[in-house]
There are 2 protein chains.
Amino acid sequence: MTGVPAPEVHSPIQCKAVNDILARVGDKWTMQVVMTLSAGPVRFNALRRGIDGISQRMLTRTLRALERDGLVAREVTPSVPPRVDYSLTPLGRSLRDPVGVLGGWAMANREEIDEARARFDAETD
Amino acid sequence: MTGVPAPEVHSPIQCKAVNDILARVGDKWTMQVVMTLSAGPVRFNALRRGIDGISQRMLTRTLRALERDGLVAREVTPSVPPRVDYSLTPLGRSLRDPVGVLGGWAMANREEIDEARARFDAETD
DNA sequence: CAGGATCCAGCTAGATACTG
DNA sequence: CAGTATCTAGCTGGATCCTG
């Protein structure tokens with residue numbers, strides 16, 4: 001036992017919800033966007049510059065999805081040129097902790113996983 | 001502040017590792033397989049029957065990927081007919097806790113997310 | 001029983017061009 | 001500046017058939 005309540009139970013409804021979140025958060029850009037928004041509101045193009053390799057289309061799509069889920073807020077300032085700021089909602093901020101836990105696990109076990117992969121690939125001619 | 005160490009920092013290397021894990025764990029079947037293996041070793045076809053809707057190909061692929069990452073162990077009993085048991089490695093078991101935390105978040109905020117979606121979809125004619 | 005090999009539909013994400 | 005629209009390559013996952 002390492003601490004947590006120990007799920008053990010395995011209801012399909014629960015797993016569906018969990019997997020939903022995992023899939024949402026596991027896509028290519030979501031976490032990068034959330035992390036970049038962690039510090040405070042950021043404008044569209046600043047966000048784009050801050051996330052290396054993201055296309056404009058993907059940034060738009062990722063932000064829309066996050067907005068739809070209530071994790072990110074979009075504030076438009078109707079000026080010329082237009083200004084749009086994105087920020088994390090309280091719900092969005094609350095996501096950082098659980099993800100941080102998984103992140104901790106990832107960091108702690110990265111080497112072990114890499115070694116396992118190398119071993120597997122070596123044995124698999 | 002809600003408890004956890006507060007990452008705040010945002011190194012690209014760390015995020016890459018985290019996102020890797022999230023992507024691995026966020027795919028369609030991985031968590032279902034891990035959860036089904038939680039109780040103990042399971043044979044291939046038992047696993048298949050236990051996970052509703054999974055195709056043989058996807059089960060094989062998911063198991064191979066988990067085995068490669070060192071999360072699942074594969075034990076072959078060379079009998080006729082052959083018997084293959086899959087089980088979680090210690091590393092695989094250690095993944096359940098962090099995922100459980102995220103799962104807790106998912107369960108706790110499912111309604112809020114659903115409401116946010118409904119609102120967003122309603123406003124988006 | 002436990003897969004490997006093929007084939008194929010659908011979605012994802014990127015590149016590019018255009019707009020209020 | 002902050003998008004939308006369009007087109008397309010590539011990957012994911014499912015169906016089907018075959019084998020030690």
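Note on naming: letters A, B, ... go to the chains in the order of the sequence lines (proteins, then strands), and numbering restarts at 1 for each one. Only heavy atoms go into these numbers, but all of them, side chains included; no hydrogens, no water, no symmetry mates.
Side-chain N/O atoms of A/Arg61 include none lying less than 4.0 angstrom from OP1 or OP2 on C/dA13.
The distance from atom CH2 of B/Trp29 to atom C1' of D/dC11 is 18 Å, rounded to the nearest whole Å. Here the P atom of nucleotide C/dA13 and the CD1 atom of A/Ile51 are 14 Å apart, to the nearest Å. Here D/dA5 presents its C1' atom at 13 Å from CE of A/Met58, a figure rounded to the nearest Å. We find that CG of A/Leu63 is positioned 16 Å from P of D/dC1, with the value rounded to whole Å. One can place CG of A/Asn19 at 16 Å from P of D/dT12, the figure rounded to the nearest angstrom. Rounded to an integer number of Å, the gap from CG of A/Leu59 to C1' of C/dG14 is 14 Å. Atom CG of A/Asp52 is separated from atom P of C/dG14 by 12 Å (rounded to the nearest Å). Whole-Å rounding puts the A/Ile54 CD1 to C/dT16 P distance at 17 Å.
Within 4.0 Å (heavy atoms only), A/Arg74 reaches sugar-phosphate atoms of the nucleic acid but no base atom. Counting non-hydrogen atoms under 4.0 angstrom, B/Arg43 reaches the backbone sugars and phosphates but no base.
Here the shortest heavy-atom pairing between A/Val25 and A/Met31 reads O-CG, 3.4 Å. The shortest non-hydrogen separation linking A/Phe44 to A/Leu59 is O-CD2, 3.6 Å.
Using a 4.0 Å cut-off between charged side-chain N and carboxylate O, B/Lys16 and B/Asp20 make a salt bridge.
Note that CZ of B/Arg68 is 9.0 Å distant from CZ of B/Arg24, once rounded to the nearest 0.5 Å. Note that the CE atom of B/Met35 and the CZ atom of B/Arg96 stand 7.5 Å from one another [nearest 0.5 Å].
Here the side chain of A/Pro82 is nearest to one of C/dC1, D/dC1, C/dG4, namely D/dC1. Taking only side-chain atoms of B/Asn45, from C-beta outward, the nucleotide of C/dA2, D/dA2, C/dA13 with the closest atom is C/dA2. When each of D/dG14, C/dG4, C/dC1 is scored by its nearest atom to the side-chain atoms of B/Pro81, the top-ranked nucleotide is C/dC1.
Mapping A/Arg57 and A/Arg83 onto DNA chain D via the closest heavy atom, the residue that lands nearer the 5' end is A/Arg83.
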